[in-house]
Asks: 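Before I ask anything, let me first share the structure, which is written out below as structure tokens.
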Amino acid sequence: MWDFLAFLVVLEVIAVPVAILFLVVVTVRLKRDVRTLQDRVTTLENGAPEAPVAAPVPTPAPKTEIWAKSTPPVTDSPPATPPKPEPVPTDPSSLDRFIAWMGVNWIYVVSAVSLALAGVFLVQYGVEAGLLPPAARIMASLAFGVALLVAGEVIRRRFGDGETVATAYLPSVFSGAGLITLFGAILAARHMYGLIGAEVALIGLIATALVGLVFGWFYGPLMAAVALIGGFAAPFVVGGSSPNPSWVYGYLAILAALGLGIDTMRHWRWVTVLTLTLGYGLGGLLALSADIDVIGLAFGVFMAGMVVMSILIPVRRLSPDHGGPMIGQMLRNRSAPRLSFVTQIAGGSVVAATIGLVALSSTGETQFWLAAILLATLSGALILWSHRATALQDTALIPMAGLFAALLPSDGVAQVIRHLHAAYDTNPEAAFPMSATIIVGIGVALSVLALMRALATKGSTPTTGILWAGVAAFYAPGIAILLDYTWKPAVVIGDYAWALHAAALGTIAVWMAERLASKDGPADRLRTSLPILAALSAIVFAVSILLTEAALTLAIAVTVVAAAALDRAYRLPLMGAFITAGIAGLGTRLIVLPGLEYAYYGPLFGVAISFLSVIGASVAARVILTPLPRDFAKTMVESTTLTTTGIFATVLITRAMGVADQPELQPHWAWGLNAVIWLCLVTAQLWRAQHAAPFRRLRLALAALFSLSAIGALFSAVMSENPLISWFRDDPYNLVRGPAVVNSLALAYLAPALLLAAMARYLPGVTSRTRKGLWSGAIALSALWLALAIRHVWQGAAGMPIDMGITQPELYSYTIALLLIGAGLFYQAVARRSATLRRAALIVLGTAIVKVFWIDAAGLTGLMRVLSFLLLGLGLAGLAWLGRFGAQTPDPENEKSAD
């Protein structure tokens with residue numbers, strides 16, 4: 001008895017919301033009819049002719065639809081004060097519109113949830129109370145759900161479902177609650193009672209979802225969203241086990257197509273976003289939970305199919321025609337027009353599918369090949385499809401980049417590489433392994449498709465023409481170079497066979513250049529330059545596989561000269577970029593890899609070939625480029641000529657001094673020559689910075705970095721490895737080597753001093769402060785060298801340490817040197833009318849005076865002391881006469897100006 005009463009209470013709880021909503025509808029209609037009758041009575045009482053009765057038009061409420069746009073109110077009265085400039089109104093976001101809609105229509109959402117929970121609680125109560133058998137409980141829940149669907153449809157047909165009618169959203173409320181009730185009943189029959197199997201439950205859920213989608217077509221986005229969520233969740237909540245759940249991807253694809261199909265006609269937008277989010281998300285979750293070896297094919301096809309549907313269905317075309325700016329243009333320029341919704345959906349779908357396929361490629365060898373084929377197919381389809389869709393021109397680059405990512409190290413790639421390298425391990429007579437060749441072939445196919453797109457436009461003016469020409473030129477070589485660094489195919493198939501791949505890519509690039517040249521004509525060579533650059537790069541790639549270090553450097557140098565010759569013959573604008581890159585590559589080879597270690601310890605013939613080829617190529621390129629406006633390329637080859645010559649001379653001297661005998665030791669002369677090399681690199685960067693506006697800061701930063709290395713080397717030569725330091729007395733390797741003046745001291749101190757002076761005198765584009773610093777360093781190193789050279793003359797190599805004392809002839813020689821230097825500077829100051837040189841001369845002479853009076857007077861004896869003061873007096877007197885004579889001599893420049 002109590003159970004029956006409780007059941008009645010549940011029915012009452014369910015009926016109350018329905019009754020309330022019914023009464024609301026009836027009351028609204030009665031109020032509308034009464035207002036109409038009152039208006040007619042008022043008209044008749046006033047004696048006015050009765051107007052034809054028209055259907056009453058209810059006053060619409062403020063528009064609060066999710067996708068509605070707000071409009072400012074209009075007033076007739078002018079403002080009291082001049083209006084302030086208002087900011088440009090922006091469309092409210094989707095979240096703002098949803099919150100606004102909920103603020104007005106929350107009652108419908110609560111009503112739908114209440115009705116849905118009523119159906120669910122009905123089944124739950126039947127379980128707890130045990131009133132009806134399981135089958136009857138499920139049938140009651142199904143009947144209740146069907147009743148809600150029928151109620152919603154009856155309200156829609158009789159009263160409408162538009163925003164301007166009193167029954168707005170009520171059909172969606174009833175029908176949505178009915179769908180949820182049906183989903184709940186089917187799930188209860190499967191999970192709670194086991195009345196039906198997984199297959200029957202899934203069929204029921206699919207049928208329910210299809211009904212919901214059909215209802216959603218006529219109702220609104222609320223109904224479509226309920227159907228989509230329930231339909232996508234169905235396979236995951238039904239449960240059950242299947243050895244091959246690949247069929248679920250077919251079901252998800254059907255639901256995605258239906259969801260996109262509804263939105264392409266109704267333009268609710270967020271239904272499309274919901275469809276793709278659920279499709280990609282649940283598809284990825286299924287791949288993570290199932291055996292990827294079993295469902296890999298279905299997952300890959302599903303991902304690619306989702307891209308096709310998300311591109312074609314929203315525009316209702318078999319060939320996309322998305323207009324507007326490209327995705328890349330919007331990312332580069334924030335002020336560019338906003339992407340259309342269909343373009344955003346297409347781009348996001350391509351990104352999601354590419355990520356999924358790259359993840360698939362990392363799970364195994366079979367999955368890698370499947371993902372590679374699908375990525376290539378998707379790339380080719382986007383290249384061909386986008387000929388009419390201007391907004392999708394660059395979306396093909398996403399799966400093409402995904403193919404690059406799929407080739408990077410992963411579990412799947414590791415299995416492919418192991419299979420490749422094991423080809424001849426177990427069977428030397430095995431067939432030629434084709435893995436690397438197939439990947440290169442895929443790259444070539446995509447490059448050819450890109451060339452077809454490039455040939456569809458003439459000239460370099462269209463952005464897409466440049467884009468596709470660049471992709472056609474560099475995609476396949478890029479694939480091959482990536483394989484060379486990651487897969488190492490030359491180890492298996494041999495250097496010659498792998499080099500043939502590179503040579504074939506160069507041949508294809510030449511053919512592409514001929515096609516583009518024929519299309520664009522002789523007046524426009526910009527696009528033609530791209531495949532020529534690729535051809536030269538392929539040649540360098542091929543020779544890098546076959547040749548030794550010296551031969552490779554020679555080959556790169558030859559390609560630089562060839563690029564300069566092609567530029568002069570055909571006026572190819574981008575050849576300067578290749579020359580710049582080639583020069584940078586040559587410098588990297590000489591300094592970094594194989595670098596200075598190879599220069600110091602490698603075979604002398606190979607080292608000479610490397611340096612002389614770079615110097616010769618730089619000189620030849622500079623001569624060839626003379627009539628062309630290639631300032632930056634000319635600067636690069638000029639600086640390379642100078643710095644490479646200096647480095648080569650330094651390397652030869654270092655080798656001649658026996659650096660290879662004891663490489664672990666670094667004497668004073670080795671540090672000085674090391675500083676010369678770094679100063680040459682500083683010179684190159686500062687020289688190039690004068691014509692490197694886009695890279696000026698980078699050049700200056702590199703110059704500063706190289707300067708620190710040069711300063712460190714000079715610090716070691718001047719301080720820690722200086723022969724004056726007493727603890728090197730017993731180190732024969734650090735003794736001064738060579739005759740007087742022309743010895744290792746000149747290499748350690750005079751060579752960098754002369755280079756600093758040359759930089760200060762001839763280097764263009766440096767600031768006055770930098771130039772003064774260079775002069776100061778040159779003078780300081782020169783003074784140190786002179787002092788050490790004088791000591792070496794009087795003391796010899798074994799007497800260089802300072803603790804061995806100073807002889808009187810040595811001390812007197814320092815005085816003579818100071819006076820001679822001061823006199824030379826003073827003469828130049830008088831001849832040039834230079835105040836700077838005059839100050840320098842006075843500083844040197846002042847130093848000599850201080851030395852004579854404070855050091856020589858105490859350190860010299862006898863005739864040496866007399867000669868020291870005599871020389872000082874005569875010298876100062878002669879300089880005084882020279883100064884007065886120079887002051888009385890008329891200046892030729894002044895005489896010319898007077899005339």
Side-chain angles (χ1 to χ4, degrees), residues 667-669 672 714 717-719 721-726 728-729 734-754 756-757 775-829 837-882:
H668 58 279
W669 53 266
L714 289 174
V718 172
M719 301 297 294
E721 307 297 332
N722 196 322
L724 288 175
I725 300 175
S726 59
F728 288 114
R729 180 185 306 166
N734 197 49
L735 294 177
V736 178
R737 306 173 67 176
V741 182
V742 184
N743 51 30
S744 60
L745 294 173
L747 300 178
Y749 309 109
L750 184 59
L754 293 177
L756 287 173
W775 276 120
S776 300
I779 293 171
L781 288 174
S782 300
L784 177 61
W785 166 78
L786 181 59
L788 292 176
I790 292 174
R791 183 170 181 80
H792 180 254
V793 169
W794 293 108
Q795 301 284 357
M800 290 298 294
I802 193 64
D803 62 349
M804 299 187 71
I806 302 176
T807 64
Q808 290 194 18
E810 179 186 350
L811 191 61
Y812 184 63
S813 299
Y814 295 138
T815 302
I816 296 175
L818 287 173
L819 289 174
L820 291 176
I821 294 173
L825 291 174
F826 198 84
Y827 174 77
Q828 291 294 325
L837 290 177
R838 184 185 296 271
R839 284 192 294 268
L842 292 177
I843 292 174
V844 174
L845 292 174
T847 305
I849 294 172
V850 172
K851 180 181 180 299
V852 169
F853 281 93
W854 289 92
I855 298 177
D856 292 357
L860 298 178
T861 60
L863 189 58
M864 283 291 182
R865 182 186 299 175
V866 175
L867 291 176
S868 178
F869 280 89
L870 178 61
L871 180 62
L872 177 61
L874 292 175
L876 293 177
L879 293 175
W881 171 81
L882 180 62

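Quantities reported herein were computed from a predicted structural model and do not represent experimental measurements. Because only heavy atoms are used, hydrogens play no part in the values below, and waters and symmetry mates are left out as well, while side chains stay in.
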Asks: Kindly indicate whether the side chain of L754, heavy atoms from C-beta on, has any atom under 4.5 Å from the side chain of L781.
Replies: no
Asks: With rounding to the nearest 0.5 angstrom, report the CD1 to CD1 distance, I821 to I816.
Replies: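 Here the rounded value is 12.0 Å.
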Asks: Test: side-chain hydrogen bond (donor to acceptor under 3.5 Å, both in side chains). Region: residues 778-788. Which pairs qualify, not counting sequence neighbours?
Replies: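 Of all non-adjacent pairs touching residues 778-788, none passes side-chain hydrogen bond (donor to acceptor under 3.5 Å, both in side chains).
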Asks: Enter the distance from N722:CG to L784:CG here, rounded to the nearest 0.5 Å.
Replies: 6.0 Å
Asks: Looking only at heavy atoms, what is the nearest atom pair of E810 and W794, with distance?
Replies: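 In terms of heavy atoms, the two residues are closest at CA-CD1, 3.6 Å.
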Asks: If you compare all heavy atoms of A778 against all heavy atoms of A757, which two are closest, and at what distance to 0.1 Å?
Replies: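 What the structure gives for the nearest pair is CB-N, 3.7 Å.
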Asks: Show every salt bridge (Lys or Arg N to Asp or Glu O under 4.0 Å) that has at least one partner inside residues 741-750, sequence neighbours left out.
Replies: none
Asks: Is any side-chain heavy atom of M800 less than 4.5 Å from a side-chain heavy atom of L788?
Replies: yes
Asks: Extract all donor-acceptor atom pairs below 3.5 Å that involve side chains of residues 740-752 and protein atoms in other chains or at least two apart in sequence.
Replies:
unit_1	atom_1	unit_2	atom_2	d
N743	OD1	L745	N	3.1
N743	ND2	P739	O	3.0
N743	ND2	H792	ND1	3.4
S744	OG	H668	NE2	2.9
S744	OG	R737	N	2.9
Y749	OH	A717	O	2.6

Asks: Which heavy atom of I806 sits nearest a heavy atom of Q795, and at what distance?
Replies: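 So the minimum-distance heavy-atom pair works out to CA-NE2, 4.2 Å.
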Asks: How many angstroms lie between atom CG of L820 and atom CG of L786, to the nearest 0.5 angstrom?
Replies: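 L820 CG to L786 CG: 9.5 Å, rounded to 0.5 Å.
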